[in-house]
Visitor: 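Attaching a single structure in structure tokens format; questions to follow.
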There are 2 protein chains.
Amino acid sequence: MSAQPSDPQPSRPRIRDAEATKGRILDAAKKEFARNGLEGARVDAIALEANANKRMIYHYFESKEKLFQTVLENAYFDIRESEKKLELDSLDPREALERLVHFTWNYYIQNPEFISLVNSENLAQARHLKTSEPVKIVSRRFVGLVDTILKRGVTEGIFRSGIDPVQLNITIAAVSYYYFTNQYTGSIIFERDLMSESAQAERIRFNIDTILRIVCL
Amino acid sequence: MSAQPSDPQPSRPRIRDAEATKGRILDAAKKEFARNGLEGARVDAIALEANANKRMIYHYFESKEKLFQTVLENAYFDIRESEKKLELDSLDPREALERLVHFTWNYYIQNPEFISLVNSENLAQARHLKTSEPVKIVSRRFVGLVDTILKRGVTEGIFRSGIDPVQLNITIAAVSYYYFTNQYTGSIIFERDLMSESAQAERIRFNIDTILRIVCL
DNA sequence: TACCAAAGTAACCAATCGGTGCAAAGGGGT
DNA sequence: ACCCCTTTGCACCGATTGGTTACTTTGGTA
């Protein structure tokens with residue numbers, strides 16, 4: 001079971017690399033918090049998954065709450081960073097909106113942890129986000145995104161005027177977010193597999209249609 | 001502070017009443033599970049809030065998980081029971097739909113625990129609901145509700161045909177549910193109080209408009 | 001009124017949790 | 001080669017958790 005005497009690296013190379021360890025802890029924490037919620041997540045489980053010692057978590061992140069806060073902030077930075085890459089200004093308003101709805105849907109699929117983390121934060125009455133100025137800053141541009149599309153659509157004469165961009169933003173998120181966060185109870189209540197390929201294709205089509213009907217004349 | 005000697009009930013009446021105790025436990029459990037989630041809820045806190053002994057909880061409900069399951073099932077029974085009282089068949093399709101959207105919104109306001117419980121259940125991948133046949137049964141009629149309205153609207157020539165009632169059902173829930181469940185993070189991201197009277201009034205108007213735009217020709 | 005199942009209580013338990021003290025090992029700067 | 005701070009590991013702690021054992025009290029009824 002033990003390493004042979006001639007083996008220079010007993011069983012694990014165990015290189016000193018603070019950034020790598022921090023990164024592994026954050027990845028593991030994101031998974032654990034997403035799967036079990038803030039209260040349900042176990043620090044020992046995070047350490048095990050990260051292939052790190054529990055002591056490291058407290059060394060780098062001070063407490064379970066602070067670790068959660070860091071994970072959550074990073075999640076918001078990630079989604080806003082992805083949105084920046086969309087370059088919606090080069091598209092006509094209608095296509096830009098379609099693309100945004102599509103993006104939101106795809107982001108939730110590819111990053112299911114995001115929804116779960118946000119749910120946990122709302123159960124905690126957003127007490128971790130309240131003190132995070134950086135998240136507020138990156139959110140501002142995001143709100144402006146839809147506003148710009150909306151205004152362009154109005155001047156081009158294809159969108160209604162007077163639509164509150166915040167309400168539209170919320171609705172774009174809602175129609176996708178709700179579908180995923182309630183996929184388990186939903187599949188039982190409606191007695192169909194909401195996550196099958198065909199069901200997903202049907203839903204994204206319905207969502208795009210819904211958003212366009214809100215804004216179009 | 002203490003009762004007078006002539007008082008026939010010294011300080012606590014402490015009457016033997018199994019049903020009343022069960023009810024108090026269920027009420028307290030609903031509050032505690034809603035506030036702190038399935039994992040975050042404390043059995044001791046439930047016992048304290050219910051003014052009952054912790055042993056009683058295990059006597060009547062076997063385990064924390066079974067208690068949660070009972071609370072959750074009751075929550076579904078309650079919302080479906082409320083929906084039955086709407087009598088949407090007596091209204092014309094457009095009014096019926098408006099009323100249903102309004103009802104959904106108001107139910108979430110008056111029963112904020114419902115949303116939180118459903119969120120907890122989805123975090124648990126609906127493992128408590130899976131085995132509950134009664135919930136499936138009461139859900140069937142609920143799905144049929146929108147289907148009937150939709151069909152009436154089509155024959156009256158005011159609704160589009162070919163709309164999936166399940167998609168519409170999901171969307172009706174989504175636009176209200178998302179707004180409430182994400183009220184804390186949302187108020188930070190959008191930098192406005194989403195729960196103020198005026199914000200709520202604006203949102204419900206937007207939601208009704210959204211749903212009508214989906215179905216109307 | 002004596003009985004006894006049901007209702008209620010208090011003290012307790014093993015397991016687990018988030019969090020620490022402390023010492024050893026690694027590796028860049030000099 | 002040496003230093004010395006950072007990184008890592010292990011064993012441990014007090015508090016809390018869901019759950020239980022053993023007991024007393026209540027009240028309908030034969």
Side-chain angles (χ1 to χ4, degrees), chain A residues 1-3 7-33 35-72 120 124 127-128, chain B residues 8-33 35-72 120 124 127-128:
Chain A
M1 213 60 91
S2 62
D7 193 349
Q9 295 165 356
S11 58
R12 288 191 290 179
R14 188 130 308 290
I15 311 153
R16 286 167 66 96
D17 189 337
E19 284 309 308
T21 305
K22 255 194 243 188
R24 288 198 323 272
I25 290 171
L26 283 173
D27 287 347
K30 180 154 79 171
K31 279 178 64 175
E32 176 73 5
F33 282 130
R35 177 150 33 226
N36 302 319
L38 174 54
E39 295 273 358
R42 298 294 161 232
V43 178
D44 291 274
I46 294 171
L48 189 71
E49 166 81 25
N51 198 20
N53 193 280
K54 184 164 65 157
R55 195 70 190 75
M56 292 289 88
I57 293 175
Y58 289 94
H59 181 67
Y60 291 126
F61 301 100
E62 200 173 338
S63 69
K64 186 187 180 184
E65 294 272 321
K66 287 271 177 66
L67 175 59
F68 178 80
Q69 185 174 13
T70 306
V71 168
L72 186 71
S120 287
R127 66 169 184 266
H128 310 90
Chain B
Q9 295 165 358
S11 58
R12 287 193 291 178
R14 192 134 302 293
I15 312 152
R16 287 167 64 98
D17 190 336
E19 284 309 309
T21 304
K22 254 195 245 189
R24 286 197 325 272
I25 290 172
L26 283 173
D27 287 347
K30 180 155 80 172
K31 277 177 65 174
E32 176 74 5
F33 282 130
R35 176 149 33 224
N36 302 319
L38 174 54
E39 294 272 357
R42 299 292 161 233
V43 178
D44 291 273
I46 294 171
L48 189 71
E49 166 81 24
N51 198 19
N53 192 279
K54 184 163 66 155
R55 194 63 189 83
M56 290 289 89
I57 293 175
Y58 290 94
H59 184 250
Y60 290 126
F61 300 100
E62 200 172 340
S63 71
K64 185 186 180 185
E65 294 270 321
K66 287 270 178 66
L67 175 60
F68 178 80
Q69 186 174 11
T70 306
V71 168
L72 186 71
S120 287
R127 68 169 184 266
H128 310 88

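Residue numbering restarts at 1 for every chain, and letters A, B, ... go by the order of the sequence lines. Note that the structure is a prediction, hence the values are computed from the model and not measured.
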Visitor: Would you indicate, yes or no, if C:dG8 has its OP1 or OP2 atom less than 4.0 angstrom from a side-chain nitrogen or oxygen of B:Thr21?
Guide: yes
Visitor: Taking CG from A:Asp17 and P from C:dG27, how many angstroms apart are they, rounded to a whole number?
Guide: 10 Å
Visitor: Are any of the side-chain nitrogens in B:Lys64 or B:Glu32 under 4.0 Å away from the carboxylate oxygens of its partner?
Guide: no
Visitor: Would you say A:Tyr58 places a side-chain N or O within less than 4.0 Å of OP1 or OP2 belonging to C:dG21?
Guide: no
Visitor: When you compare the protein's N or O atoms with those of nucleotides 14-17 of chain D, which come within less than 3.5 Å of each other, and at what distance?
Guide:
unit_1	atom_1	unit_2	atom_2	d
D:dT17	OP1	B:Arg42	NE	3.0
D:dT17	O3'	B:Arg42	NH1	3.3

Visitor: Establish, with yes or no, whether the OP1 or OP2 oxygen of D:dT6 is under 4.0 angstrom from a side-chain nitrogen or oxygen of A:Tyr60.
Guide: no
Visitor: Nearest-Å distance, CZ (A:Phe61) to C1' (C:dT20)?
Guide: 18 Å
Visitor: Let me know the distance between CE of A:Met56 and P of C:dG26, rounded to the nearest Å.
Guide: 14 Å
Visitor: Round to the nearest Å and state the distance from A:Ile25 atom CD1 to C:dG18 atom C1'.
Guide: 15 Å
Visitor: With a 4.5 Å heavy-atom cut-off, do B:Val43 and B:Lys54 have their side chains touching?
Guide: yes
Visitor: Kindly indicate whether the side chain of A:Phe33, heavy atoms from C-beta on, has any atom under 4.5 Å from the side chain of A:Leu67.
Guide: yes
Visitor: Could you check how far CZ of A:Phe68 sits from P of C:dG18, rounded to whole Å?
Guide: 14 Å
Visitor: Do the non-hydrogen side-chain atoms of A:Ile25 and A:Met56 ever get within less than 4.5 Å of each other?
Guide: yes
Visitor: State which of D:dT8, C:dG18, C:dT9 makes the closest approach to the side chain of A:Lys54.
Guide: C:dG18
Visitor: Counting only side-chain nitrogens and oxygens, does A:His59 get under 4.0 Å of the OP1 or OP2 atom of D:dT7?
Guide: yes
Visitor: Tell me, do A:Phe61 and A:Gln69 make a side-chain contact under 4.5 Å, heavy atoms counted?
Guide: no
Visitor: Taking B:Glu49 for the side chain and B:Ala28 for the main chain, is one N or O donor matched with an acceptor at less than 3.5 Å?
Guide: no
Visitor: Provide, to the nearest angstrom, the distance between the CG atom belonging to A:Leu48 and the P atom belonging to D:dC10.
Guide: 13 Å
Visitor: Roughly how far, to the nearest 0.5 Å, is the CG atom of B:Asn53 from the NE2 atom of B:His59?
Guide: 11.5 Å
Visitor: Rounded to the nearest angstrom, tell me the gap between atom NZ in B:Lys22 and atom P in C:dA6.
Guide: 12 Å
Visitor: Give the rounded distance in Å between these two atoms: CD1 of A:Ile57 and C1' of C:dT20.
Guide: 14 Å
Visitor: Which is more 5' along DNA chain C, the nucleotide nearest A:Leu38 or the one nearest A:Arg55? Just name the residue.
Guide: A:Leu38
